[in-house]
Protein chains: 2
Amino acid sequence: MPDNEPMTAARTSSPADHPQPGLRERKKTKTREAIRAATYALVKEQGYDATTIDQIAERAEVSPSTVFRYFPTKEDIVLTDEQDPILLALLRSRPAREAVADTMRYVMREGARMGFDEDPDMARLRTHLMVQVPAVRSRMMESMSVLGRMLCVAIGERSGRDPDSLEVRVYTMSLLGGLMETALYWGEHGHEDDFGALLDRTLDVLEHGLSKENT
Amino acid sequence: MPDNEPMTAARTSSPADHPQPGLRERKKTKTREAIRAATYALVKEQGYDATTIDQIAERAEVSPSTVFRYFPTKEDIVLTDEQDPILLALLRSRPAREAVADTMRYVMREGARMGFDEDPDMARLRTHLMVQVPAVRSRMMESMSVLGRMLCVAIGERSGRDPDSLEVRVYTMSLLGGLMETALYWGEHGHEDDFGALLDRTLDVLEHGLSKENT
DNA sequence: CATGAAATGAGAGTAGCTCTCAAAAGATGG
DNA sequence: CCATCTTTTGAGAGCTACTCTCATTTCATG
């Protein structure tokens, strides 16, 4: 088993956050990224459906079992990228008395921008797959509703309502439903629009309904 | 290559609606219902995941192949029930100059009432499975977004906008997202609330945001 | 009743995903 | 450096949803 990556012996006295990962942790990270990279490449070459777990395992130089140890489903390899905590952090970074709608506008725009800046190719691939592959879209919606549950808590706090009330839940999920559709729209139109601008139009519709300017 | 709906030469001089079905058609309907009934019973006995296609086939007295000929996926056995055309018909039954929000309120309430009256047990089982089984929920969301595409056309007509515009699509999907959440809420709370009342509260939130009354 | 068309059953095959178990590799203490 | 304990891995068997093919049965029709 050749170790091709130079071992960065980060042995500088580490600040509490990174308690000196240890070889095991570092290898896990590498494996995870190898699987993702392999999937990314194969999907670009052959398409999503034509890419099997066995192929991914082979290219990532791990066993198929290992792939499933790192990702619960095939869709997750493409989608997972702990964005939920980031969004929550953004949300909590806003003053509590700000109007909920304004907060969401900021959070969504900023979250999207961060996600895109970090890896534009990946962001495009994801929305592309969301458009093309039903299974990926479904998985995305599922993880969206998980995010929704967390948003409910935050929004409940801010609006002084029960996070489990129908009102908060409906508000949250309709928001996320609209955002989902925005992402799909962006993907369907070849990522030509400025996503931030789309988000603004989306939030206008969510706030004011279909009243003002039109198509 | 037998595709979706086999065109059976309904050649009896027939009044367009019920052309005297013919034995073949009657058998097909019976098989379809047998499969659904078997699934319904088995799921109630054992739960959704524990119920396999083979069991369903056995109880319905057909071969497993036949089950897949009638339903594309296991989830569809539980979910499918051409409600889309009904909703569309309801929608078109409303005067074109009615406010979109009012139209939707009527359509959704009436659609839900019809679906529930027709088979209350089935309606409850469905929402219950939506809550419990991720795969069913996913499938439901998919069919919801198909409905969304159709609603976009209708809403586009009514609001004088391009049905493919971001605005119409976002409006439609956020509406459906809210409705979806309402159904989940209803199911999670043991179907104790009056669904129509929940729908009203949902549409209030969708129209006015989180502003007025609270939990 | 003979002929054509459609529905069915049987069976093989694929792929995602789970589970188990033994081998390999990192961590740890002497 | 070695022994031991723990975590990670690989190999492989197994399950199930789902697809495809082909021969057989069943209905429709002249």
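Because the structure is a prediction, the values reported are computed rather than measured. Just so it is clear: chains get the letters A, B, ... in the order the sequence lines come, proteins before strands, and each one is counted from 1.
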Closer than 4.0 angstrom, basic N to acidic O: yes or no for [X] and [Y]?
{"X": "A/Asp76", "Y": "A/Arg139", "answer": "yes"}
{"X": "B/Glu110", "Y": "B/Arg105", "answer": "no"}
{"X": "B/Arg161", "Y": "B/Glu167", "answer": "no"}

Identify which nucleotide among [options] has an atom closest to any side-chain atom of [X], counting heavy atoms from C-beta outward.
{"X": "B/Arg24", "options": "C/dA27, D/dA17, D/dC27", "value": "D/dC27"}
{"X": "B/Phe68", "options": "D/dC18, C/dC17, C/dG9", "value": "D/dC18"}
{"X": "A/Leu23", "options": "C/dA27, D/dC18, D/dG10", "value": "C/dA27"}
{"X": "B/Glu75", "options": "D/dT9, C/dC17, D/dC18", "value": "D/dC18"}

Between [X] ([atom1]) and [N] ([atom2]), how many Å, whole number?
{"X": "B/Asp49", "N": "D/dT16", "atom1": "CG", "atom2": "P", "value": "11 Å"}
{"X": "A/Glu58", "N": "D/dT9", "atom1": "CD", "atom2": "P", "value": "18 Å"}
{"X": "B/Arg69", "N": "D/dC18", "atom1": "CZ", "atom2": "C1'", "value": "13 Å"}
{"X": "A/Asp54", "N": "C/dA15", "atom1": "CG", "atom2": "C1'", "value": "8 Å"}
{"X": "A/Arg26", "N": "D/dT8", "atom1": "CZ", "atom2": "C1'", "value": "16 Å"}
{"X": "A/Ile35", "N": "D/dT8", "atom1": "CD1", "atom2": "P", "value": "14 Å"}
{"X": "A/Phe71", "N": "C/dG16", "atom1": "CZ", "atom2": "P", "value": "15 Å"}
{"X": "B/Lys30", "N": "D/dT26", "atom1": "NZ", "atom2": "P", "value": "14 Å"}

When you check the phosphate oxygens OP1 and OP2 of [N], does a side-chain N or O of [X] lie under 4.0 Å from one of them?
{"X": "B/Tyr70", "N": "C/dT8", "answer": "yes"}
{"X": "B/Ser65", "N": "C/dT8", "answer": "no"}
{"X": "B/Thr66", "N": "C/dG9", "answer": "yes"}
{"X": "A/Lys27", "N": "C/dA25", "answer": "no"}
{"X": "A/Lys74", "N": "C/dA15", "answer": "no"}

Check whether the side chains of B/Tyr185 and B/Asp193 place a donor and an acceptor atom closer than 3.5 Å, and report yes or no.
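There is no such pair (donor and acceptor under 3.5 Å, judged by atom type) between the side chains of B/Tyr185 and B/Asp193.
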
Verify the neighbour count for atom CD of A/Gln46: are there more than 12 heavy atoms of other residues, nucleotides or ligands below 6.0 Å?
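Yes, the 6.0 Å shell around CD holds more than 12 heavy atoms from other groups.
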
